[in-house]
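Structure, as structure tokens:
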Amino acid sequence: MIESVSEVSDGVGRSVPDSRNVAVAVDGLSKRFGDGEEAITAVNDVTFGIETGSIVGLLGPNGAGKTTLIKSILGMVLPDEGTVQIRGIDVYDRPREAYAYVDAMLEGARNDYWRLTVRENLRYFATISGVDPDSVSERHDRLLAQLGLTEKADVPVRELSRGMKQKVSLASVLAGGAEILFLDEPTLGLDIESSRTLQRELRRLVEEEGLTVILSSHGMDVVETVCDRVLIMSDGTVIADDTVDALLQGTDRHTIEIASSGLTGRIVSKLRTRFDTLSVEQLEPGARIELTTDSDGLYELMDRLRAEDVPLEHVRTVEPDLEDVFVGMTSLESGDR
């Protein structure tokens with residue numbers, strides 16, 4: 001796993017990412033919409049760096065500020081404060097030079113030309129990236145093969161399924177050889193096999209070709225599988241920035257499943273008022289209950305069951321995943337921004 005970007009002082013008491021080996025550096029970025037009491041702060045003083053050759057996941061509930069942050073980095077939204085650098089180049093001072101290293105797939109499959117064939121899309125997007133499409137034809141063939149698009153190469157995109165269109169979008173982004181990719185919900189609409197294929201291809205491209213990927217997704221399993229590091233946003237700020245392993249080890253939440261013939265309706269009712277209950281299944285006799293709690297709550301749960309003389313006939317502990325961490329950190333979701 002790639003560790004978090006090292007930081008240096010900017011001379012005024014704040015820490016900012018060290019620009020060495022940093023593909024994307026964001027410093028003090030803020031964006032507000034509206035004026036006065038009606039103003040909404042979508043991004044609030046966000047600072048982070050993304051190392052070259054890594055995949056970083058960007059997570060957050062609706063309204064957390066993810067979309068505004070990405071659009072601010074890509075120059076689609078002008079922030080009120082802060083700076084963004086791509087490979088050390090200020091995107092607001094020298095946008096053409098900075099964005100020559102960047103490509104993006106935003107809002108699903110909307111970046112393709114549906115009247116063109118799959119291969120024509122790849123050639124077109126390579127061309128507008130300043131690359132001779134003939135010089136990367138082997139790359140295009142490999143992308144088509146690895147994403148299961150070879151047989152559809154000469155079919156207009158508009159005739160493809162939603163999942164196929166999503167794969168064409170990814171292939172188009174990769175077609176020009178950009179070094180830094182922003183991917184918004186890249187597995188949306190894909191079946192399990194296609195999603196896994198796409199995830200493997202992303203990891204291969206990062207590891208073998210040194211790409212840098214910023215991936216925004218609601219698919220926690222995708223982020224947990226492919227990302228070296230995760231940024232979690234809430235209410236416009238970054239509330240967590242660490243490796244997946246560190247985030248998983250840092251949670252104190254436990255999911256416990258208990259089944260017992262001694263779990264009467266009265267006892268289950270008392271447990272539901274004290275613990276976060278995920279499910280209850282009635283058995284003959286007794287019940288099966290699944291709940292979440294922290295370490296202190298776990299001791300309390302055992303004490304309560306002992307006091308009620310409930311025999312522990314089945315106990316199973318479920319290890320927390322990234323979704324558990326995410327829900328725990330962003331328990332109160334706000335509206336879209």
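For reference, positions follow the sequence shown, starting with 1. For clarity, every value in this text was computed on a predicted model and none was experimentally measured.
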Q.
According to side-chain hydrogen bond (donor to acceptor under 3.5 Å, both in side chains), does anything in residues 127-138 pair up with another residue at least two apart or in another chain? List the pairs.
A. Arg123-Asp134

Q) Do the side chains of Asp228 and Val56 get nearer than 4.5 Å, heavy atoms only? A) no

Q) What pair of heavy atoms forms the shortest contact from Val136 to Ala126, and how long is it? A) CG2-CB, 4.3 Å

Q) Rounded to the nearest 0.5 Å, how far does CG of Leu160 lie from CG of Leu149? A) 7.5 Å

Q.
How long is the straight-line distance from CG of Leu144 back to CG of Asp154, given to the nearest 0.5 Å?
A. 9.0 Å

Q) Would you call Thr255 and Leu291 a side-chain contact if the rule is heavy atoms closer than 4.5 Å? A) no

**Q.** Connected via hydrophobic side-chain network under 4.5 Å: Trp114 and Phe125
**A.** no

Q: Could you walk me through whether Asn44 and Glu81 pass side-chain contact (heavy atoms from CB on, under 4.5 Å), step by step?
A: CA-CA 9 Å; Asn44 185 19; Glu81 299 171 7; over 6 Å; no

Q | Backbone of Ile50 reached by a side-chain donor or acceptor of Ser54 within 3.5 Å | A | no

Q: Specify the closest pair of heavy atoms between Leu283 and Ala259, including all atoms of both residues, with the distance to one decimal.
A: CD1-CB, 4.3 Å

Q: Please identify each residue that fulfils ring pair (Phe, Tyr, Trp, His ring centres under 6.0 Å) with Tyr99, with sequence neighbours left out.
A: none

Q. Does the salt bridge (Lys or Arg N to Asp or Glu O under 4.0 Å) test come out yes or no for Asp141 and Arg119, once each step is laid out?
A. CA-CA 9 Å; Asp141 288 339; Arg119 191 183 300 278; 2.9 Å; yes

Q | Exam field: side chain Lys31 to backbone Ala42, donor-acceptor pair closer than 3.5 Å | A | no

(Q) Using side-chain contact (heavy atoms from CB on, under 4.5 Å), reason through Val315 and Glu257 one step at a time and then give a plain yes or no. (A) CA-CA 6 Å; Val315 178; Glu257 181 183 272; over 6 Å; no

Q. Shared ILVMFWY cluster between Phe182 and Val91, side chains joined below 4.5 angstrom?
A. yes

Q. Which pair of non-hydrogen atoms, one from Thr292 and one from Phe275, has the smallest distance, and what is that distance?
A. O-CB, 4.4 Å

(Q) Please determine whether residues Val173 and Val131 belong to a single hydrophobic cluster, defined as Ile, Leu, Val, Met, Phe, Trp and Tyr linked transitively by side-chain heavy-atom distances below 4.5 Å. (A) no

Q: To the nearest 0.5 angstrom, please state how far the CG atom of Leu215 sits from the CE atom of Met105.
A: 8.0 Å

Q: Not counting sequence neighbours, which residues clear salt bridge (charged side-chain N to carboxylate O under 4.0 Å, His left out) with Arg266? List them please.
A: Glu308

Q. Are Leu69 and Leu58 side-chain neighbours, meaning at least one heavy-atom pair lies under 4.5 Å?
A. yes

Q: Determine whether Leu78 and Val46 fall in the same hydrophobic cluster, where Ile, Leu, Val, Met, Phe, Trp and Tyr are linked whenever their side-chain heavy atoms lie under 4.5 Å apart.
A: yes

Q. Hey, does Ser216 have a side-chain heavy atom less than 4.5 Å from the side chain of Ile70?
A. yes

Q.
Please report the interatomic distance CD1(Ile258) to CD1(Ile289), rounded to the nearest 0.5 Å.
A. 7.5 Å

Q.
Within a 6.0 Å radius of atom CZ on Arg196, are there more than 12 heavy atoms belonging to other residues, nucleotides or ligands?
A. no

**Q.** Non-hydrogen side-chain atoms of Ser30 and Asp45 separated by less than 4.5 Å
**A.** yes

Q | Side-chain touch Val280/Arg272, heavy atoms, less than 4.5 angstrom | A | yes

Q | Residue pair Glu224 / Val244: nearest heavy atoms and the distance that separates them | A | CG-CG1, 3.8 Å

**Q.** Test item: Ile180 and Ile214 side chains (from C-beta on) under 4.5 Å apart, heavy atoms
**A.** yes

Q.
Just verifying a value: how many Å separate Arg96 CZ and Ile89 CD1, rounded to the nearest 0.5 Å?
A. 13.0 Å

Q.
Tell me every residue that passes side chain to side chain donor-acceptor pair (under 3.5 Å) with Ser261, counting only those two or more places apart in sequence or in another chain.
A. Glu313

Q) Side-chain heavy atoms under 4.5 angstrom apart, residues restricted to Ile, Leu, Val, Met, Phe, Trp, Tyr: same cluster for Met164 and Tyr113? A) no

Q: Might you work through the side-chain contact (heavy atoms from CB on, under 4.5 Å) test for Leu174 and Leu211, ending with a clear yes or no?
A: CA-CA 10 Å; Leu174 298 171; Leu211 292 183; 4.2 Å; yes

Can you give me every donor-acceptor pair (side chain of residues 297-307, partner residue at least two apart or in another chain, under 3.5 Å) with its distance?
unit_1: Glu300; atom_1: OE1; unit_2: Arg274; atom_2: NE; d: 3.1
unit_1: Glu300; atom_1: OE1; unit_2: Arg274; atom_2: NH2; d: 2.7
unit_1: Glu300; atom_1: OE2; unit_2: Arg274; atom_2: NE; d: 2.9
unit_1: Glu300; atom_1: OE2; unit_2: Arg304; atom_2: NE; d: 3.0
unit_1: Glu300; atom_1: OE2; unit_2: Arg304; atom_2: NH2; d: 3.0
unit_1: Asp303; atom_1: OD1; unit_2: Arg306; atom_2: NH1; d: 3.1

(Q) Before you tell me yes or no, could you show the steps for Arg229 and Glu51 under salt bridge (Lys or Arg N to Asp or Glu O under 4.0 Å), namely the whole-Å CA-CA distance, both residues' side-chain angles and the distance that decides it to 0.1 Å? (A) CA-CA 10 Å; Arg229 184 166 137 237; Glu51 291 187 357; over 6 Å; no

(Q) I'd like to know whether Val223 forms a side-chain contact (heavy atoms from CB on, under 4.5 Å) with Val230, so could you lay out the CA-CA distance, the side-chain angles of the two residues, the decisive distance to 0.1 Å, and finally the verdict. (A) CA-CA 8 Å; Val223 174; Val230 178; 3.8 Å; yes

Q | Short side-chain to backbone donor-acceptor contact, Ser260 and Leu312, under 3.5 Å | A | no

(Q) I need the minimum non-hydrogen distance between Gly60 and His218, along with the two atoms involved. (A) O-NE2, 4.0 Å

(Q) Using every non-hydrogen atom in the two residues, find where Leu122 and Ala171 come nearest and quote the distance to one decimal. (A) CD1-CB, 3.9 Å

Q) Do any N or O atoms from the side chain of Thr68 and from the backbone of Gly65 form a donor-acceptor pair under 3.5 angstrom? A) no

Q.
Within the structure provided, determine whether Glu159 and Lys152 are in side-chain contact (heavy-atom separation under 4.5 Å).
A. no

Q | Main-chain N/O of Glu185 paired with Gln166 side-chain donor or acceptor, under 3.5 Å | A | yes

(Q) Other residues, nucleotides and ligands only: do more than 12 of their heavy atoms fall within 6.0 Å of CD1 on Ile128? (A) yes

Q: Output all residues satisfying side chain to side chain donor-acceptor pair (under 3.5 Å) with Ser172, sequence neighbours left out; order by chain, then residue number.
A: Asp112

Q | Reported CG-to-CD distance for the pair Asp276 and Glu290, which is rounded to 0.5 angstrom | A | 12.0 Å

